[in-house]
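Structure, as structure tokens:
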Amino acid sequence: CSESDLGPISLNWFEELTSEAPP
Amino acid sequence: QTKVRGDPVEIWHDSLELSNLQLVSKLKNPSNSCSVDVSTVWWEVTGCKESCIITACEFTVSLWKSLDDWQWRKVHTWHFTEIPVLQIIPLWDACNLVCIALGHLEIREIRLLFSSGEDECLKQSLVKSGNIKAVLGLRHKRLVCSNGTLHDHQVDLMTFSGSGRSKEKQTLMSPEETILAFAEVQGMQDALLGTTLMSNIVIWNLKTGQLLKKMQIGTAYQASICHKAYSDMGLLFVVLSHPHGKEIESMGSPIFRLIVINPKTALSVDVRPYSLPQGHTGRFLDGDVKDNLAAAVLTSGTIAVWDLFLGHCRALLLPNSDGNWSFVKWSGTDSCLLAGQKNGSVFVYSY
């Protein structure tokens, strides 16, 4: 798999999605 | 209860390395009612905490203590009279606590079974009742369940006290559609994953209750059941099964599938299917995934075991003279496969 298949990857996705999601 | 050792089973010979699945013991439930599930649980028996096998029949749940040399003795039995038992829901790191689901076709009740330390007296309490769609026991004495219909859909996370006498309840944000199954994310204890009827994968933050993402995985795999997820290098690897999957000629019969998801972009890619060896057919009936091992009972009555990393089917356990297999679990404490039949027999295989 590469970024072209899956888009930009973030190692901190869990923290980032937590800060973006509605509380 | 009888003990058996060393009966060979059919191993899939087309892989480079042969695995060793060896029958080490057999538990026979004398009850005439239908067997429904098996699991392992930590339990304090005569002052010692040890790994026990727990078996469920329609109206009884029994706890089996390990004796020397792979023999088992039944030490406790809980009886139920009104609603039949459907499944055992282990709370993996708990001791003297286990949940069970009761119902007819769908789960109507979840009960907590426990024994108090002082007198080892068996107890049970009602945890949840209603129209329960999916349930999973988690680490740290937690249980997650989804219940209700579309309009009053609710996802609850419950945490039990050590003795099982009390519980704390937290509500997770609902994805507003039917959840088919939950799965833990290995290596990420605050993340929880779910698959939905509309082919979405959803992720929650268990600490905050937030619904972090809802991701479409394609309608070709409708009604997928998630079994396990692994987080690695910013990606989520998810093991799915397809109870309603059709045979695809080019792939044989894919029973499990590994997909990789980028949670940031919600894009996903198929990694590999886990198919049956040529000449074997059947659809997924029941299954369990632990670490890199996946086991499934098929509609043909056979159990198949895959190594998720290697991709091969590593062992096939054909129906024996007692009948078809009907449920399968990995033991929580060692690499044993627990395979059950409706007639009350549970076979323990070391892997």
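A, B, ... follow the sequence lines: proteins, then strands. Residue 1 opens every chain.
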Taking side-chain contact (heavy atoms from CB on, under 4.5 Å) as the criterion, tell me which of B/Thr178, B/Thr196, B/Asp156, B/Ile179 meets it with B/Ser146.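 Result: among B/Thr178, B/Thr196, B/Asp156, B/Ile179, B/Ile179 is the only option passing the side-chain contact (heavy atoms from CB on, under 4.5 Å) with B/Ser146.
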Between [options], which residue shows the highest count of heavy-atom pairs closer than 4.5 Å to chain A?
options                      : result
B/Asp190, B/Thr208, B/Leu211 : B/Asp190
B/Gln210, B/Lys213, B/Met173 : B/Gln210
B/Thr265, B/Ile261, B/Ile203 : B/Thr265

Counting only non-hydrogen atoms closer than 4.5 Å, does B/Ser268 touch chain A with its backbone (N, CA, C, O), its side chain (CB onward), both, or neither?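 Interface part for B/Ser268: backbone (N, CA, C, O).
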Atom CZ in B/Arg272, atom CZ in B/Arg257: separation rounded to 0.5 Å?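 If I round to the nearest 0.5 Å, the distance is 14.0 Å.
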Taking the six-membered ring for Trp, are B/Phe284 and B/His227 parallel (under 30°), tilted (30 to 60°) or perpendicular (over 60°)?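 Perpendicular.
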Which residues satisfy the side-chain contact (heavy atoms from CB on, under 4.5 Å) test with B/Ala94, sequence neighbours excluded?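 side-chain contact (heavy atoms from CB on, under 4.5 Å) list for B/Ala94, sorted by chain: B/Leu91, B/Leu97, B/Lys141.
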